[in-house]
Amino acid sequence: MLSSLSLSLSLSLSLSLSVSGGFNIWAITPEERGKHDKQFDSLSPTLGYVSGDQARKFFLQSGLPASVLAEIWALADMGRDGKMDRLEFSIAMKLIKLQLQGQPLPSSLPVIMKQTPVPSMTSSARFGKGYDSNSSSTTSLASNSPKTGACDWAVPQSSRLKYRQQFNSLDKLMSGYLSGPQVRNALTASNLTQTQLATIWTLADVDRDGQLRAEEFILAMHLVDMAKTGHPLPLTLPADLVPPSFRTIFFAKQSEFSLSVSLTLSLSLSVSFEDKLKENFQRGSMELEKRRLALQEEQREEERRRQKEREEQERREREARELALRRQREEEQRMERQKEMERRREEERLKDLERQEVHLPLERQRRMEWERAKRAELQAQREREQRDIERLTARKRSLELELEAGVCKSLSLSVSFSGGGVSDMKQSVSEKDLSCRKLKEQLDALERETTAKLCEMERYNRDMKVQLKPHSALETFPNMSHTVTQSVFHLTSLQHHHCAPLTFQVDESTVREPGWLYGSYGGKSGWFPESYAEKINKDMTDPTAVLTHTTAPPFVDEWPTAGTIDKMDNLYLTRLSKHKMQLIAIAVCAWTANTESHLGFSKDDVITVLEQQENWWYGELGENRGWFPKTHVSMVTTNNFHTDPESGDLTFRAEDVILVTEKEGEWWKGCIGDQSGLFPSNYVKPKDSDTAKSGVSSKKPEIAQVTAACIATTAEQLSLTPGQLILVLHKNSCGWWLGELQARGKKRQKGWFQSSNIKLLEPNSGKTTPAPPPRMLLCQVIAMYDYKAASEDEMSFLKGQLINVLNKDDSDWWKGELNGVMGLFPTNYVKMTTESDPSQQWCADLHSLDSMSSEERKRQGYIHELIHTEQTYLQDLELVLEVFYKPMAESGRLTEAEMAVIFVNWRELIMCNTKLLKALRVRKKTAGERMPVQVIGDILSSELAHMQAYIRFCSCQLNAAALLQQKTDASPDFKLFLKKIATNYRCKGMPLSSFLLKPMQRITRYPLLIRNILENTPVGHVDQANLREALERAEELCSQVNEGVREKENSDRLEWIQNHVQCEGVIEHLVFNSLTNCLGPRKLLHSGRVWKTKSSKELWAFLFNDFLLLTYTSKQFSSSSDKLFSPKSNTMYKMYKTPVFLNEVLVKMPSDPSSDDPIFHISHIDRVYTLKADSINERTAWVQRIKAASEHFIETEKLKREKAYQARSQKTSGIGRLLVTVQEAVELKPCKPNGKSNPYCELSMGAQCYTSRPQNDTLNPKWNFNCQFFIKDLYQDVLCITIFERDQFSPDDFLGRTEVPVATIKKDQEGKGPLTRRLLLHEVPTGEVRVRLDLQLYEQTPLL
């Protein structure tokens, strides 16, 4: 043994001496020269030289920096001619090899490198039968023996280059060495055993410092290759595998080790066996004691950790109980305050009723006294006016007689005129003429005064008519006075041959006042003016005379002249009633009378206006009279009616169409329906003149279908049979319409037909248009805010006013009536009154309603309203695509970019609301038609979380409205085009701009609807917690939308990035202007230009609140004037690397912060980005903002996990529990471009919720996920299973939902034990889930 030790010692000494000999590392061996010549020939030299470009490309394969290669070129290019011969190329390759081994470059080229290589013995010949250093793996490189002075390494050149590059990639900080954790991943990737890896580390770590430098790392990877190829690892490192830079240290340590081994062996020979045994026993005992102490310490540490967790759990439970108690107390206090307020309001209402009851008799008495006083005053005024009229009438008669006498006297004087007194007679004639003119002026003044008095009496009588109830025209004297006033005021001198007199029976024996007669007509008796009648037969001896009476025209043209006074004396004055101008109004919409004094009418009714006030008019319709608002009618200023009581004349109204059968003079003959007769030609005009003035009408023709047979009675009428089609040409107000019969194979015939025998067809559809239903009051609402009308068809109101709702066809705009004014108003400005019961809108079963409480009826009504309005809203969204989007896109008037600005993401809105409506329909179907829905909050809370599309739409709405207005103002043709497509009957007269406002209105409507449902949900209801969460999400969505609208700059920049950055390679479609996965709306925090430190590659970085995106310009020669977020920029950017999520990054400053180089490092899992900013300040900004965003992201995820953990850890109890195992799902909907998904399932029952882990890249996940739910109510609890797709850049996508009522599980499981079911997923085209259900009811609960 001693001889072997001495031999090894001598061998070590000899090796160390040989290494320390005079070997020159700069010498080029013949083997190296031969290898260099082969590489030189592979480059295809020209005339014995390789060009600089050829050598540059070859040298860059070494992985050395360009600056180092430039120094090597300067040393090797001895001729300074920019090209290399064989010697220069060999020198350059030698220098590259030494640089890769860690040897620094010389300041000048050594002389030995210029000499011709000298052959030398190989290491194997020198050592003879010594250690064979795996010659098969080292033949590529000549290995120099220490004794010969050559320094070649047994690691192949290709392995050295490859592992040198790997070392550089792992050395992120450029420290020149790698620690154990940094090398671990590279070694473990070889799949070698831990023993082999430990041996490799021991052999490679030559200097035993626990770190690997470049050559040590290359040696380690070479040993890994040896082990993988099956070669055994050496126990000690062979000499030819020792890295060149470590050989001196290695052989020195080896000699020292040999000496220490020899000394140790010599000393060990003197130690006895018993001492070794004792020493080993003591060492083992110490090791056991050490392990026992360590185990005890671990146990104590584990106990402390468990104790801390228990205390933390108890603290959280205690806080949760305190929070629940505090919320319960606050809820109780709120309920008490609410009850107290209701009690006070009830007391105030009762007090008001009492005060009204006390003051009502007094008010009634004061009213009656005022009416009596007013009646007496008006009566006295009437008597005074009557006396004045009689006095003025007598005065007028005397003046007329005096005037007539003067005229006669002047005539007699003119007859007796003699020739001698011509001048005197002329003078007397002029005097008489002057006196006649004066009398005439007095007569005219008297007439004007009489007219003024009559007008005053008419006004007073009108006031009496408003205050008192009207009486018959022949019953009382006051109303007869009113008739006299109107008759005198409307007196005219026009006469016509078609006047029809009325006959009165006069009792002359009755004592009468001058100018008045007492008679009877139509069974009624009373006084009438004597001047308005004429005696039929003057020779009648009967005391009763027959007189005639006519009505007066409405306006006074002129008064009777002096020549007609005799006719008045002989009761021969008549009045006209035919050609007259009447104030006629046509109803533009229906109005319902609210009191007896009001006049109700329907649309297109013709009303005769009798009196006009500021906002109310008094009129007549048929036999009814009353007041009505003037805003509901339009005046007709033409001759509105031709009414002729004579037989043989034709009666018609304005806008009626008449078929003319004969023209003769001024009176023509025509027919309307079954009526025919004469009519004045100056009352009509040719129908074709209208169309000639207005041009060709754009209104589509109306087609009617015959429903009942009708036989024509005249030649102008049409004979109809059921099923025939008629083209409607005109509609008369009398019910007879003019049309053209459409019969195949026959000549088309025009004529009259009754509108009751046909039904109108909708244009282009063939569907019948039913008659509009009568206006009726649907409900009443209370205004919550003030609203000012923005257009003519809207109505204004103040907060607190009560509005009568007349129409609810549009879910966002209702039609109502307030103080006689009708119009549209937004539904989110009002709320339902407590008197209206919405339950009547959804349930027609009175027994079901009677079994519910009033609160539950209202709750079900609001749920039905939510579902109904959601369906109407979705129809409006789809209508925009069909009616507006498609024609606008096909017309080519707007570009694709402009269409995208106006409609933004309209299809995404439809997808969001389609999912919500489908979920609501499934829940309604599960509950049963016309049956109450117990739980709806879970659907709302789940679906409202995926409404992020509204954030983008609403934030871009201002740009859309501005562009639409700009196009409309700039192009009249485009404006006319929009107006034309808006005439579709489905639009209900609303333009495109109104439809574009509906998404914003719907978003603000959700909190109101959910709050109404929540307010009518009893405390402790299973749906109360879900509704609260849904209300929070709805309000949060509204706030996010408002924030998106406010942050318009951020939204515009996100849209700019969407249009200019090409995200190729991202798994899912990345929408920048949308919601993040868990941080709310996406925000752009910082952006700018950075460079990579190694390659100096220019990058453009965009920092969002959830990830960092690195891009580069896709155009190599882009314009330098293009700036980020410039509307004129045409530069496109491509994604450089996959987006880096901020919850996985660590940003660090360089090791020397005081350096002027603005460099910072971003570490992401197994990758480090070393970037360079424009300046030190820019680097500081990047580092601070990335750190802040990363901390916020991590804190948000932590709070989310804690919230979910607290919800699961809360202890609850009930009547039983349900054990659920979600085994698998099959044929799920693919969401990723590769046709796969990352699905996970979420199970919920009320507030209890569990979530499984996602399965990557599969459509048939196998979860085998177990959970349990506590059952509170068998007939209300519902197990809801929802499948989601795990998204990175947006909220998780929806893959389907299914629900199972607990009562159904109990029914199916009765006596069978746990059951396994396959449940189809709803709201998606494909997919089903397989679950195992086990319902366990507690024993103390009686089975139902």
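The first residue of the sequence shown is numbered 1, and numbering continues consecutively from there. Scope of the values below: all heavy atoms of this structure, side chains included, with no hydrogens, waters or symmetry mates.
- L917 and I867 get closest at one heavy-atom pair: CD1-O, 4.1 Å.
- Summarising the geometry of P1239 relative to P1261, their closest heavy-atom pair is CG-CG, 3.6 Å, with the distance given to 0.1 Å.
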Worked verdict on R1317 versus R1330 for side chain to side chain contact (heavy atoms under 4.5 Å, CB included):
CA-CA 6 Å; R1317 295 185 58 181; R1330 182 180 178 184; over 6 Å; no
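- The ring pair (Phe, Tyr, Trp, His ring centres under 6.0 Å) test applied to F953 returns W906, not counting sequence neighbours.
- Using a 4.5 Å cut-off on side-chain heavy atoms (C-beta onward), R334 and E331 make contact.
- Residues V1019 and Q1024 form a side-chain contact, since some pair of their non-hydrogen atoms from C-beta on lies under 4.5 Å apart.
- The residues E319 and R315 are annotated as salt-bridged, a charged nitrogen and a carboxylate oxygen being separated by less than 4.0 angstrom.
- Salt bridge R304/E301: present, at least one basic N to carboxylate O contact under 4.0 Å.
- The structure places CZ of R316 at 14.5 Å from CG of L323, a figure rounded to the nearest 0.5 Å.
- Listed by chain and residue number, H1164 satisfy the side-chain hydrogen bond (donor to acceptor under 3.5 Å, both in side chains) test with E1144 (two or more places apart in sequence, or in another chain).
- N828 and Q1001 share no donor-acceptor pair across their side chains, judged by distance under 3.5 Å alone.
- Counting only N and O atoms by type, the side chains of Q299 and E303 include no donor and acceptor under 3.5 Å apart.
- Between I1010 and A1030, the closest heavy-atom pair is CD1-O, 3.9 Å.
- Taking the six-membered ring for Trp and the full ring otherwise, H868 and Y873 have centroids separated by 6.0 Å or more.
- A salt bridge is absent between R1011 and E1015: the closest approach of a Lys/Arg side-chain nitrogen to an acidic carboxylate oxygen does not fall below 4.0 angstrom.
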Evaluate side chain to side chain contact (heavy atoms under 4.5 Å, CB included) for K858 paired with N1012, printing each intermediate quantity in order.
CA-CA 9 Å; K858 292 181 180 179; N1012 288 337; over 6 Å; no
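- Scanning both residues, I951 and P1081, for their nearest heavy atoms gives CD1-CG, 4.2 Å.
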Run the numbers on E1197 and N1143 for side chain to side chain contact (heavy atoms under 4.5 Å, CB included), then give the verdict.
CA-CA 9 Å; E1197 284 191 330; N1143 60 340; 3.2 Å; yes
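- Contact annotation: the side chain of L1228 never approaches that of S1237 to less than 4.5 Å [non-hydrogen atoms, C-beta and beyond].
- The two atoms that bring C1038 and I1003 nearest to each other are SG-O, 3.2 Å, heavy atoms only.
- The minimum heavy-atom distance between A949 and C912, with the atom names listed, is CB-SG, 4.0 Å.
- For H1322, the ring pair (Phe, Tyr, Trp, His ring centres under 6.0 Å) test picks out no residue, with sequence neighbours left out.
- Between T1304 and Q1309 the shortest side-chain heavy-atom distance does not fall below 4.5 Å.
- No salt bridge links K1272 with D1277; every basic N to acidic carboxylate O contact stays at or beyond 4.0 Å.
- Residues passing the ring pair (Phe, Tyr, Trp, His ring centres under 6.0 Å) test with F1269 are Y1250, sequence neighbours excluded.
- The closest side-chain heavy-atom distance from F1104 to L1142 is not below 4.5 Å.
- Using modelled atom types, one finds a donor on one side chain and an acceptor on the other under 3.5 Å when comparing T1221 with N1266.
- Shown here is R343, whose CZ atom has more than 12 heavy atoms of other residues, nucleotides or ligands within 6.0 Å.
- Side chains of R1002 and T869: a donor-acceptor N/O pair is present below 3.5 angstrom, by distance only.
- No donor-acceptor pair closer than 3.5 Å links the side chain of T1258 to the backbone N or O of Q1255.
- Put simply, CG on N913 and CD on Q871 are 12.5 Å apart, with the number rounded to the nearest 0.5 Å.
- In this structure a side-chain-to-backbone donor-acceptor pair under 3.5 Å is present from T914 to I910.
- Counting only heavy atoms from C-beta outward, the side chains of R1028 and L1014 approach each other to under 4.5 Å.
- Side-chain atoms of T1017 and R859 include a donor-acceptor pair closer than 3.5 Å.
- The aromatic rings of F1284 and H946 sit parallel, their planes meeting at an angle under 30°, below the 60° perpendicular limit.
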Side chain to side chain contact (heavy atoms under 4.5 Å, CB included) evaluation trace for L1295 with C1231
CA-CA 9 Å; L1295 297 182; C1231 295; 3.2 Å; yes
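- Considering only heavy atoms from C-beta on, N1238 comes within 4.5 Å of D1257 through its side chain.
- R952 is linked by a side-chain hydrogen bond (donor to acceptor under 3.5 Å, both in side chains) to E1055, counting only residues two or more places apart in sequence or in another chain.
- Environment of CD in E346: crowded, with over 12 heavy atoms of neighbouring residues, nucleotides or ligands closer than 6.0 Å.
- Under the 6.0 Å cut-off for aromatic ring centres, F1270 and Y1338 do not qualify, their centroids lying 6.0 Å or more apart.
- The side-chain heavy atoms of Q1223 and F1265, taken from C-beta on, include no pair separated by under 4.5 Å.
- A donor and an acceptor atom, one from each side chain of R310 and Q313, are nowhere located under 3.5 Å apart.
- The residue from L1315, L1219, L1319 that alone fulfils the side-chain contact (heavy atoms from CB on, under 4.5 Å) condition with L1333 is L1315.
- Between M1245 and the options V1220, L1279, V1022, a side-chain contact (heavy atoms from CB on, under 4.5 Å) holds for only L1279.
- Residues satisfying the salt bridge (Lys or Arg N to Asp or Glu O under 4.0 Å) test with E322, not counting sequence neighbours, are none.
- Of the N and O atoms on the side chains of D1023 and Q934, not one donor lies less than 3.5 Å from an acceptor on the other residue.
- For R907, the CZ atom counts as loosely surrounded, since its 6.0 Å shell holds 12 or fewer non-hydrogen atoms of other residues, nucleotides or ligands.
- Side chains of Q1336 and D1334: a donor on one and an acceptor on the other come within 3.5 Å.
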